[in-house]
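Encoded as structure tokens, the structure appears first; notes follow it.
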2 protein chains.
Amino acid sequence: MIGNFISRHQLVIIYGIALAMLAFLLKWLELRFIIISHAFEIYIGAIAILFTALGIWLATKLIKPKLETIVVEKAVYITQLNQFVRNEKQLLELGLSKRELEVLQLMADGLSNQEIAAHLYVSLNTIKTHASRLFEKLEVKRRTQAVEKGKKLQIIP
Amino acid sequence: MIGNFISRHQLVIIYGIALAMLAFLLKWLELRFIIISHAFEIYIGAIAILFTALGIWLATKLIKPKLETIVVEKAVYITQLNQFVRNEKQLLELGLSKRELEVLQLMADGLSNQEIAAHLYVSLNTIKTHASRLFEKLEVKRRTQAVEKGKKLQIIP
DNA sequence: GACAAAATCACCCTTTAGTATGAACGAAGA
DNA sequence: TCTTCGTTCATACTAAAGGGTGATTTTGTC
């Protein structure tokens, strides 16, 4: 069906193609003429494009990369560096005396009242008195509770 | 003295100056001639320089700045929120039973033997027995020392 | 089922802890 | 000077802790 169409209009087609080619030739000649007549401008344009490209290339090579500093906080776990610092404010609030604090510390070391008395060169009764006051001020009933609270409130290590 | 020198050699000086000016004029003319005869090359050169500069400018304006990331690690010290981990090995070495450990823990909480008995639904005598064995195994004489040693050996918080 | 370890409880006794009350003494402050 | 506070000590008492011995029951293991 397509072959039939071509054979029937062969002359017309050839003519059309020839016409098209002629038009194309004329256009090409026109372009050539334009190029030749504007050779200088085209040359200048080419130079401009070339050196613009060169400039861009130079810039990419020469421009210093922008530095961006990111500070990353890294967790560092400390094993046991923390040395004891007494909470003096808490001590004042409780109203503990020097002697009472000493007794509390020795209690925390596991000493009996008798041993504490010997350690401080005073009598057992004196220690008992201090202990009673201590328990009152700390609002506890037993020495174990006193030691526990003392550590919690950071008045003993 | 200087005026005298000038007046005496006036002619010579004028001649010298004229000669110098002539030489300068000739040099200038030569330069002009060079410029004129090489006008095209100079024009092209100027265009090249101009568009190279344009390229560089374009590059700096349009190209995204290259980011170089520097990561600086900063140590942040954390006062270890210590979740207690029992030293099971130590516990085995000491040969403490479940019940003895329970008693020790309640002792550390500041409870009396009576209170511990009530807490565990057993008699006071039972707690005393446990306590005695506990002290033997921990090689201590008093509950305060037991609690202290228990914490030191990390078998109680 | 035998066995060992753990858990339970009791009784008696001693020691230690804790309460209550009172008192003496010295230092610091109003 | 008087008062307060801390420290010291004593006596008397109760409560709790701790030691020693013995016994029963439960539980897990061989």
Side-chain angles (χ1 to χ4, degrees), chain A residues 86-153 155-156, chain B residues 86-153 155-156:
Chain A
R86 174 163 294 121
N87 189 340
E88 299 289 348
K89 206 178 77 185
Q90 191 62 255
L91 207 58
L92 271 173
E93 279 179 32
L94 292 168
L96 291 196
S97 71
K98 258 182 287 176
R99 216 50 164 168
E100 284 158 0
L101 181 61
E102 277 184 292
V103 171
L104 179 58
Q105 271 178 310
L106 294 171
M107 273 183 180
D109 291 339
L111 301 196
S112 67
N113 287 342
Q114 192 65 264
E115 289 167 338
I116 295 172
H119 199 276
L120 297 179
Y121 304 108
V122 294
S123 82
L124 172 60
N125 286 309
T126 303
I127 300 305
K128 282 188 177 183
T129 309
H130 287 318
S132 281
R133 294 241 173 79
L134 192 56
F135 299 158
E136 259 182 56
K137 290 177 180 176
L138 286 175
E139 296 174 308
V140 296
K141 290 182 179 177
R142 277 175 286 281
R143 50 173 55 221
T144 45
Q145 292 179 347
V147 170
E148 199 197 358
K149 194 153 189 178
K151 288 187 176 180
K152 193 182 133 201
L153 299 179
I155 56 181
I156 47 171
Chain B
R86 173 163 292 121
N87 189 339
E88 300 288 349
K89 206 178 79 187
Q90 190 63 254
L91 206 60
L92 270 173
E93 279 178 32
L94 292 168
L96 292 196
S97 69
K98 258 182 289 178
R99 216 51 163 168
E100 284 159 359
L101 181 61
E102 276 183 294
V103 171
L104 178 59
Q105 272 178 310
L106 294 171
M107 273 183 179
D109 291 339
L111 301 196
S112 68
N113 287 341
Q114 192 64 265
E115 289 168 338
I116 296 173
H119 199 276
L120 298 179
Y121 303 108
V122 294
S123 81
L124 171 62
N125 285 309
T126 304
I127 300 303
K128 283 187 178 184
T129 309
H130 286 318
S132 283
R133 283 217 250 278
L134 191 56
F135 298 157
E136 261 184 54
K137 290 178 180 177
L138 286 176
E139 295 174 311
V140 295
K141 288 180 180 176
R142 278 174 286 282
R143 51 174 52 222
T144 46
Q145 293 179 347
V147 170
E148 199 196 0
K149 192 153 190 176
K151 288 186 176 181
K152 193 182 133 202
L153 299 180
I155 56 181
I156 49 171

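A, B, ... follow the sequence lines: proteins, then strands. Residue 1 opens every chain.
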When the distance from [atom1] of [X] to [atom2] of [N] is rounded to whole Å, what number comes out?
X	N	atom1	atom2	result
A:Leu96	D:dG6	CG	P	10 Å
A:Lys128	D:dT11	NZ	C1'	10 Å
B:Glu102	C:dA7	CD	P	8 Å
A:Glu100	D:dC5	CD	P	13 Å
A:Ile127	D:dC9	CD1	P	9 Å
A:Lys141	C:dG18	NZ	P	13 Å
B:Lys137	C:dA6	NZ	C1'	9 Å
B:Leu134	D:dA17	CG	P	14 Å

Taking only side-chain nitrogens and oxygens of [X], does any of them come within less than 4.0 Å of OP1 or OP2 of [N]?
X	N	result
B:Arg143	D:dG18	yes
B:Arg99	C:dT8	yes
A:His130	D:dT7	no
A:Asn113	C:dT16	no

- Message: Return whichever of B:Arg133 or B:Arg142 has its heavy-atom-nearest nucleotide of DNA chain C closer to the 5' end.
- Response: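 Its nearest nucleotide lies further toward 5', so the answer is B:Arg133.
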- Item | First of A:Thr144 and B:Thr126 reached from the 5' end of DNA chain C, by closest nucleotide |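 Between the two, 5'-proximity favours B:Thr126.
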- Message: Which heavy atom of B:Ile156 sits nearest to which heavy atom of B:Val147, and what is that distance?
- Response: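 Heavy atoms only, the tightest pair is CD1-O, 3.7 Å.
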- Indicate the atoms forming the closest heavy-atom contact of B:Lys141 with B:Gln145, along with that distance.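 Taking B:Lys141 first and B:Gln145 second, the nearest heavy atoms are N-OE1, 3.0 Å.
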- Report the residue from A:His130, A:Lys137, A:Gln105 that forms a side chain to side chain donor-acceptor pair (under 3.5 Å) with A:Glu100.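 Going through the options one by one, the only one that passes is A:Lys137.
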Of the nucleotides [options], which has the atom closest to the [X] side chain?
X	options	value
A:Ser132	D:dG18, C:dT8, C:dG18	C:dG18
A:Ser97	C:dG18, C:dA6, D:dT7	D:dT7
A:Val122	D:dT8, C:dC9, D:dA17	D:dT8

Within the structure shown, what part of the strands sits under 4.0 Å from [X] by heavy-atom distance: base, sugar-phosphate, or nothing?
X	value
B:Asn125	base
A:Ser112	sugar-phosphate
B:Ser123	sugar-phosphate

- Message: So, applying side chain to side chain contact (heavy atoms under 4.5 Å, CB included) with A:Leu101, which one of A:Leu91, A:Leu106, A:Leu134, A:Leu94 is it?
- Response: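 Of A:Leu91, A:Leu106, A:Leu134, A:Leu94, side chain to side chain contact (heavy atoms under 4.5 Å, CB included) with A:Leu101 is met by A:Leu91 alone.
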- Item | Pairwise distance CE(B:Met107) to CG(B:Asn113) - rounded to 0.5 angstrom |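 Reported value, rounded in 0.5 Å steps: 5.0 Å.
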- Between B:Thr129 and B:Val140, which has a closest nucleotide on DNA chain D that is more 5'?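 Its nucleotide being nearer the 5' end, the pick is B:Val140.
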